[in-house]
Amino acid sequence: MRSWSGPREAKALVVLASLLALGGCAGESPDRGITLVFKHARILGPTDPIPTLLREFEASHPGVRVKSESLPWTSDEQHQFYAINLEGGSPGFDVMMLDVIWVPEFARAGWLLDLSPFLAADETAPFFPSAVAAATYDGRVWALPWNMNVGMLYYRADLLARHGLSPPDTWEELVSQVRRIRAAERDPRLEGYLWQGKQYEGMVVNVLEAFWANGTRVLAEDGRLFPEPDQAAEALAFLRRLIETGVSPEWMTAADEELSRRAFGDGQAIFLRNWPYALDLFEAPNSRVRGKVGIAPLPRHARAAASGGSTGGSHLGISRRTAQPALALALVRFLTSARAQRAMVSGAALYPSRQAVYHDSDLARSHPMLPRIHAMMLAGRPRPVTPYYLVLSTTVQPEFSAVLVGLKSPQRAIRDGRRRLEHFLVSLR
Amino acid sequence: MTSGQRASRRRGLLLVAPALTVLALLTGYPALYVLWLSLQHRIPVFGIAEFAGLAHYWFLAQDPRFWNAAGTTGLFTLASVLLELVLGVLVALALYARPRGRRLGFSLLLLAWAMPAVVTAKLFEWLYHPAAGLVNVVLVGRALNWLGDPVLALPAVILADVWRTMPFVAILAYARLLTIPSELYEAAQVDGASRLGMLRYITLPLLRQILMIAVLFRTLDAVRAFDLMFVLTGGGPANTTETLTVYAYRGLFQMLQLGFGSAIGVIVFVLVMTVAWAYLRLLRREGLAA
Amino acid sequence: MKPLVRAIPDGLVVLGLIVYAVPFFWQLLTSFKPEAELLRLPPLLPTRLTLDHYRVVLEHSVIPRALANSLGIASLTTLGALVLGIPAAYAIARFPLPGKSLLLLAIVGSTAFPQIATVSPLYLILRFLGLRDTWLALVLAHTSFALPLTIWLLAGFIREIPPALEESAAVDGASTTQTLGQVVLPLLAPGLASTALLTFLFSWNEFLFAYTFTATEASRTVPVALALFPGVYEVPWGDIAAASMLASLPPILIVLVFQRHLVRGLLAGALRE
């Protein structure tokens with residue numbers, strides 16, 4: 001496909017490059033069959049259900065081969081890969097796995113196939129409404145939700161039970177529980193609350209959840225930025241105080257999902273904020289916290305209403321320049337079907353985007369927490385659904401990070417963030 | 001002009017034309033294009049290309065993050081160049097005195113200089129590891145978070161850069177030392193000059209010119225430095241190692257603002273050219289440059 | 001002379017060299033250290049040496065492909081810069097060109113161009129030409145700084161050659177091309193070697209353009225592959241160390257085998273002021 005070890009003459013290179021740009025690669029395979037290319041992130045976990053599912057699809061569609069190709073590791077690299085390959089010319093893949101925050105951006109950029117004309121009237125009904133909303137732009141549907149995520153609070157049920165405590169309802173309660181348990185346990189290595197504070201998208205998620213827990217947000221419906229700056233500053237100050245007072249360790253500002261998960265999984269913390277995938281890892285046979293972990297919705301701040309965690313996950317979209325739109329849609333429908341999603345839960349801890357799967361009787365035995373996770377997902381909130389989400393996130397990341405590290409006051413960070421965002425978004429209104 | 005001279009001129013132009021055309025396309029045209037870009041709100045992903053005049057420059061003038069980046073660039077440049085200068089001269093003197101270790105010394109120096117900056121970054125990232133890094137284990141004894149601490153990160157980056165680029169100064173100084181006639185030292189010794197005195201009144205003054213050239217090159221490189229801090233810290237923690245180049249890059253390809261990032265790029269360009277021009281004037285005064 | 005510089009004691013010099021060499025050799029050692037012993041220090045030295053990291057890098061990573069890409073791109077850049085640069089340098093050194101000093105200034109000036117300023121327009125241009133993720137994109141981008149450097153260095157080297165031989169060749173009726181090819185080039189050989197080595201090295205080490213214009217292993221060069229080396233849960237320091245060693249192979253080779261030429265190129269660049 002794109003593999004060529006470079007002929008000597010630069011002229012030949014230009015010719016070859018133009019041919020490749022024109023020809024594209026998702027087309028005829030040597031044996032006159034049809035090849036669909038499916039790009040997705042590598043599946044972490046004990047088993048990968050994707051190959052089996054793809055073989056099943058091929059069996060029910062004779063003459064069709066599905067080639068699965070993996071994306072780079074991190075979300076930023078994946079985004080850069082897509083951005084470089086989707087602009088102009090044939091990208092060489094048909095179906096792509098997209099982070100939920102990219103869908104409006106890719107739709108606006110004209111890289112996705114509009115699915116609305118092909119979908120039945122109620123085809124999106126079985127999915128989570130927030131997931132469908134995240135895939136809707138300009139009144140049209142551009143992708144189908146594939147797997148769903150929501151930010152949850154993990155806690156050491158054994159430690160809480162030992163001190164007669166139930167999962168905290170407010171953040172203030174959580175802090176006092178941490179103090180109490182640590183004073184009693186007297187284990188210097190036991191941390192209080194772990195989350196993600198490294199300067200990346202995951203940190204923005206944590207900050208957004210903190211905003212929502214305090215009754216404010218980043219983007220208002222009318223497009224205003226930081227409409228309640230004082231409450232936002234308060235939420236940021238709370239996160240910084242967690243580190244200052246030692247409720248969270250210093251290395252929180254360098255922690256991502258995996259770093260925090262591992263520490264909690266080694267039994268070194270009382271509370272953890274993370275996505276549902278961590279649950280399967282905590283309940284694995286050789287896990288040190290097996291049977292000791294409970295889940296609960298994220299707390300709120302004392303004087304605000306309950307807000308829920310941030311939803312996330314991935315969608316399946318079709319490249320607008322695909323040569324096989326009907327087949328690509330069939331593949332997307334297959335992978336988002338209830339059967340496929342059931343296989344994905346058991347195989348790879350990828351939580352379904354179809355609501356019904358959460359109450360499946362077969363899964364109830366191996367995954368007893370499914371109904372509770374389902375409830376949390378329904379109560380969760382999506383990050384701002386806008387094509388400019390990535391611009392927003394990358395612009396505020398350094399501001400939030402400066403607060404968490406203690407270099408800037410929350411008020412100044414919000415002021416600077418708003419000023420910069422307004423400068424960037426002025427051409428987009 | 002004779003016809004022979006005219007023919008000669010034509011031939012010269014013919015010889016130089018292909019290279020000049022390529023340069024005009026690859027360097028000249030982009031230089032003008034980036035200027036034009038800096039005057040626009042440009043987001044290629046969404047096909048947005050809107051004239052903005054001097055809006056970006058006006059924003060940057062009042063942007064605390066820009067001034068922070070400028071300060072970081074200045075601090076990095078000053079500290080790096082100073083350390084490279086001092087260490088480079090010391091190394092050159094040391095190597096000059098010991099003919100036996102010279103070949104090995106040169107190989108080591110050149111190796112450090114010739115390696116990709118990314119390799120140096122990975123090297124030092126491992127050395128700075130809080131738990132398993134040599135620096136903490138052997139020198140400090142505590143698990144200092146070099147690359148994650150807002151105060152320690154910039155010195156850590158500077159150290160890595162000095163390690164990598166000091167050889168440039170050392171080799172230049174060494175080459176100059178070779179040309180100093182030994183009679184000068186012998187005569188001074190006869191007059192009873194001390195070792196330090198000879199260093200101060202003979203060696204260093206004679207090294208002055210080559211060192212000024214070295215400082216010119218090193219300053220230009222330090223102002224443009226990108227690879228090392230981008231890979232080592234990404235500009236963090238909290239922008240404490242974010243130089244102008246890193247800020248520009250993030251503006252371009254993370255915040256997807258091609259116009260805004262280009263404006264910062266233009267500023268770096270003007271800065272580099274100003275430094276180069278100022279230095280060349282200085283060197284010309286010293287009779288070094290053409 | 002010796003008494004002068006013995007102002008610095010021998011022991012200190014040896015210590016200094018050892019300390020200076022430590023980063024490199026520590027990385028070398030790390031690349032052979034078993035995974036389990038990497039994060040547990042002391043002891044500093046491993047109980048045994050292993051090739052596991054190299055095996056992982058060579059069999060399961062994109063580094064081998066990246067090495068091929070880097071080799072091809074650096075070679076093509078050097079070739080292109082020489083093909084275009086030799087005639088231009090010859091013209092600048094030997095011919096009366098109009099506005100020569102301005103021309104020289106422009107060429108020298110473009111070596112000082114900050115890459116961060118040209119990356120955004122180049123990005124748009126390459127995108128427009130449909131050259132994303134290709135060797136050609138990087139060859140073009142690298143040529144933008146390799147070509148002026150080449151011209152500048154070669155012009156200086158040519159000027160060191162006494163023009164007498166060329167003049168006698170002209171008297172004998174040789175054309176410009178013949179003079180250039182048969183008289184000048186052989187004498188220029190050492191200078192050519194130095195210039196080619198420096199150009200190859202700069203192209204091999206280049207990161208900013210390579211990071212921006214490549215998307216997959218089709219065109220990813222070694223510095224980018226190293227910077228983006230994947231780590232699943234934790235950073236694979238041993239694998240990264242092995243990859244770093246592999247990434248440094250051409251520079252190591254050039255330094256050890258072609259040291260003289262490299263130094264001459266370095267000095268020429270600095271002294272050509």
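As the structure is a computational prediction, the values presented were derived from the model and not from experiment. Proteins come first, then strands; the chains are lettered A, B, ... in the order of their sequence lines, and each starts at number 1.
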(request) Apply the test side chain to side chain contact (heavy atoms under 4.5 Å, CB included) to residues I125(C) and Y33(B): give CA-CA distance (whole Å), side-chain angles for both, the deciding distance (0.1 Å), then the verdict. (result) CA-CA 10 Å; I125(C) 294 171; Y33(B) 198 174; 4.0 Å; yes

(request) Go through the atoms of V34(B) and report whether side chain, backbone, both or neither lie under 4.5 Å from a heavy atom of chain C. (result) both

(message) Is V137(B) in contact with chain C via its backbone, its side chain, both, or neither, using a 4.5 Å heavy-atom distance?
(response) side chain

(message) Please classify the contact between S31(C) and chain B as side chain, backbone, both or neither, with a heavy-atom cut-off of under 4.5 Å.
(response) neither

(request) Decide if atom CZ of R102(B) counts as having more than 12 heavy atoms of other residues, nucleotides or ligands within a radius under 6.0 Å. (result) yes

(request) Return the minimal non-hydrogen interatomic distance between A91(C) and L15(B), and the atom names on each side. (result) CB-CB, 3.7 Å

(message) Would you say the rings of F253(B) and Y211(C) are close, in the sense that their centroids are separated by under 6.0 Å?
(response) no

(message) For the CG atom of L280(B) and the CG atom of L105(C), what is their distance to the nearest 0.5 Å?
(response) 8.0 Å

(request) Calculate, to the nearest 0.5 Å, the distance between atoms CZ and CD belonging to F226(B) and Q115(C) respectively. (result) 9.5 Å

(message) Please check this pair: side chain of N205(C) against backbone of A117(B), looking for a donor-acceptor N/O pair closer than 3.5 Å.
(response) no

(message) Looking at chain B, which one of A81(C), A106(C), S120(C) has the largest number of heavy-atom pairs inside 4.5 Å, strictly under?
(response) S120(C)

(message) Strictly distance-based, threshold 3.5 Å: is any side-chain N or O of R94(C) a donor or acceptor partner for the main-chain N or O of G12(B)?
(response) no

(request) Below 4.5 Å from any heavy atom of chain B, which atoms of L198(C) appear? Answer side chain, backbone, both or neither. (result) side chain

(message) As an exercise: rank L220(B), L252(B), L271(B) by heavy-atom pairs under 4.5 Å with chain C and give me the winner.
(response) L252(B)

(message) For a quick test of reading the model, state the closest non-hydrogen atom pair linking P116(B) to P251(C) and the distance between them.
(response) CD-CG, 4.2 Å

(message) Give me the atom names and distance for the closest heavy-atom approach of G265(B) to A117(C).
(response) O-CB, 3.6 Å

(request) Heavy atoms only: give me the nearest S8(B)-F95(C) pair and the separation to one decimal. (result) O-CD2, 3.1 Å

(message) What verdict does the side chain to side chain contact (heavy atoms under 4.5 Å, CB included) test give for F229(C) and K122(B), after you've listed the backbone C-alpha separation in whole Å, the side-chain angles of each residue and the deciding distance to 0.1 Å?
(response) CA-CA 10 Å; F229(C) 204 84; K122(B) 287 298 176 188; 5.6 Å; no

(message) Is T212(C) close to chain B through its backbone or its side chain, or both, or neither, when contacts mean heavy atoms under 4.5 Å?
(response) both

(message) Do P98(C) and L13(B) make a side-chain contact, defined as non-hydrogen atoms from C-beta onward lying under 4.5 Å apart?
(response) yes

(request) Indicate the atoms forming the closest heavy-atom contact of M115(B) with S248(C), along with that distance. (result) SD-OG, 3.7 Å

(message) Using every non-hydrogen atom in the two residues, find where R127(C) and P44(B) come nearest and quote the distance to one decimal.
(response) NH2-O, 3.5 Å

(message) Counting C-beta onward and ignoring hydrogens, is there a side-chain heavy-atom pair between L109(B) and Y20(C) closer than 4.5 Å?
(response) yes

(message) Among W277(B), W113(B), F168(B), which residue has the highest count of heavy-atom pairs closer than 4.5 Å to chain C?
(response) W113(B)

(message) Please classify the contact between L201(C) and chain B as side chain, backbone, both or neither, with a heavy-atom cut-off of under 4.5 Å.
(response) side chain

(message) For the CZ atom on F258(C), are there more than 12 heavy atoms of other groups (residues, nucleotides or ligands in this structure) within a distance under 6.0 Å?
(response) no

(message) Using heavy-atom distances under 4.5 Å, tell me whether P250(C) contacts chain B through its side chain, its backbone, both, or neither.
(response) neither

(request) Please report the C-alpha distance between W126(B) and V235(C) in whole Å, then the side-chain angles of each, then the deciding distance to 0.1 Å, and finally whether the side chain to side chain contact (heavy atoms under 4.5 Å, CB included) criterion is met. (result) CA-CA 10 Å; W126(B) 180 225; V235(C) 185; over 6 Å; no

(request) Specify which of L84(C), L103(C), I151(C) makes the most heavy-atom pairs with chain B at under 4.5 Å. (result) L84(C)

(message) Rounded at 0.5 Å granularity, tell me how far CZ in R224(B) sits from CZ in F113(C).
(response) 10.5 Å

(message) As an exercise, state the distance from CG of L37(B) to OH of Y123(C), rounded to the nearest 0.5 Å.
(response) 12.0 Å

(request) Rounded to the nearest 0.5 Å, what's the gap from CG on L110(B) to CD1 on I254(C)? Could you check? (result) 11.0 Å

(message) So for L262(C), is it side chain, backbone, both, or neither that comes closer than 4.5 Å to the heavy atoms of chain B?
(response) side chain

(message) Can you tell me which of T30(C), L104(C), V83(C), V22(C) forms the most heavy-atom pairs within a distance under 4.5 Å of chain B?
(response) T30(C)

(message) Using heavy-atom distances under 4.5 Å, tell me whether V268(B) contacts chain C through its side chain, its backbone, both, or neither.
(response) both

(message) Can you tell me how far apart CG (L123(B)) and CD1 (I240(C)) are? Round to the nearest 0.5 Å.
(response) 11.5 Å

(request) Go through L38(C), I86(C), I92(C) and name the one with the most non-hydrogen pairs under 4.5 angstrom from chain B. (result) L38(C)

(request) Would you mind telling me which of L17(C), V263(C), L147(C), V222(C) has the largest number of heavy-atom pairs within less than 4.5 Å of chain B? (result) L147(C)

(request) Pick whichever of L104(B), V22(B), L14(B) has the most heavy-atom pairs under 4.5 Å with chain C. (result) V22(B)

(request) Could you tell me which portion of V138(B) (side chain, backbone, both or neither) has an atom closer than 4.5 angstrom to a non-hydrogen atom of chain C? (result) side chain

(message) Looking only at heavy atoms and a cut-off of under 4.5 Å, which of L95(B), L25(B), L134(B), V16(B) has the most pairs with chain C?
(response) L134(B)

(message) If I measure from the heavy atoms of chain C, does R42(B) come under 4.5 Å with its side chain, its backbone, both, or neither?
(response) side chain

(request) Give, as side chain, backbone, both or neither, the part of A175(B) having an atom under 4.5 angstrom from any heavy atom of chain C. (result) side chain

(message) Under a 4.5 Å cutoff for heavy-atom pairs, which residue among A248(B), S107(B), P18(B) has the most contacts with chain C?
(response) S107(B)

(request) With a 4.5 Å cut-off on heavy-atom pairs, point out which of I264(B), L32(B), V272(B), L87(B) contacts chain C the most. (result) V272(B)

(message) Only pairs of heavy atoms separated by less than 4.5 Å count here; which of L256(C), L122(C), L97(C), L124(C) has the most with chain B?
(response) L124(C)

